[in-house]
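Sequential numbering from 1 along the given sequence is applied to the chain's residues. Note that these values count all heavy atoms, side chains included, but never hydrogens, waters or copies made by symmetry.
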Amino acid sequence: MREIARAIQEGAAAYLRRQYTTIALVAIVPFLLLGFYNKLGWGTAIGFLIGAALSAARRLHRDERRRALERAHRRGGEAGPRSPR
């Protein structure tokens, strides 16, 4: 069962890497459109990019926290994983 669980985790990690890579590439289009065609200029585009990066970083941090709680639970530590806030 542990081998199967490990394979599932590896597959899930690969899926998430691919998903985040795709989302990052898709975010380039609005960044460029905002920068070139928005009356407010590149400031708005950079603000969009910063917001997108911080959002992704928060999601990655939350996912890592959840995995750490699950590992602790399996070792008999803290209570099981809590829902993200």
Side-chain angles (χ1 to χ4, degrees):
M1 286 184 67
R2 288 182 183 184
E3 186 177 327
I4 293 170
R6 203 168 333 177
I8 291 171
Q9 286 177 336
E10 287 176 15
Y15 169 77
L16 285 175
R17 267 193 308 277
R18 178 66 179 165
Q19 188 176 26
Y20 283 126
T21 301
T22 301
I23 290 171
L25 293 173
V26 169
I28 291 173
V29 173
F31 170 73
L32 293 173
L33 289 174
L34 284 170
F36 284 117
Y37 299 111
N38 188 359
K39 290 180 183 180
L40 300 176
W42 286 99
T44 304
I46 291 171
F48 165 78
L49 202 57
I50 290 170
L54 290 175
S55 177
R58 182 181 186 283
R59 176 70 180 223
L60 290 171
H61 174 73
R62 185 179 69 191
D63 291 346
E64 181 54 38
R65 182 171 175 258
R66 181 182 299 136
R67 284 190 295 273
L69 288 171
E70 288 171 352
R71 284 190 301 268
H73 178 67
R74 282 193 297 271
R75 289 190 310 260
E78 297 180 39
R82 295 182 290 267
S83 62
R85 299 173 197 229

When rounded to the nearest 0.5 Å, the distance separating CZ of R58 from CG of L54 is 11.0 Å
For E10, which residues count as a salt bridge (Lys or Arg N to Asp or Glu O under 4.0 Å) partner, sequence neighbours excluded? none
L40: which residues meet the side chain to side chain contact (heavy atoms under 4.5 Å, CB included) condition with it, sequence neighbours left out? N38, T44
Any chance CD1 of I4 has more than 12 other-residue heavy atoms, nucleotides or ligands included, within less than 6.0 Å? no
List for me each residue that meets side chain to side chain contact (heavy atoms under 4.5 Å, CB included) alongside E3, sequence neighbours excluded, and say none if there are none. none
Applying the 4.5 Å side-chain criterion to the ILVMFWY set and letting contacts propagate, would L49 and Y37 be lumped into a single cluster? yes
Quick one: are E64 and R67 in side-chain contact, heavy atoms under 4.5 Å? yes
Applying ring pair (Phe, Tyr, Trp, His ring centres under 6.0 Å) as the test, list every pair that has at least one member in residues 44-69; sequence neighbours left out. none
Mind listing the closest non-hydrogen atom pair of I46 and F31 along with its distance? N-CE1, 4.0 Å
Applying the 4.5 Å side-chain criterion to the ILVMFWY set and letting contacts propagate, would I50 and L33 be lumped into a single cluster? yes
Can you list the residues that meet the side chain to side chain contact (heavy atoms under 4.5 Å, CB included) rule with S55, with sequence neighbours excluded? none
Listed by chain and number, what are the ring pair (Phe, Tyr, Trp, His ring centres under 6.0 Å) partners of F36, not counting sequence neighbours? W42
Nearest heavy-atom contact between G35 and A45 is N-CB, 3.5 Å
Compare all side-chain heavy atoms of L69 with those of R66 and state whether any distance is below 4.5 angstrom. no
Can you tell which of V29, I28, L34 makes a side-chain contact (heavy atoms from CB on, under 4.5 Å) with L32? I28
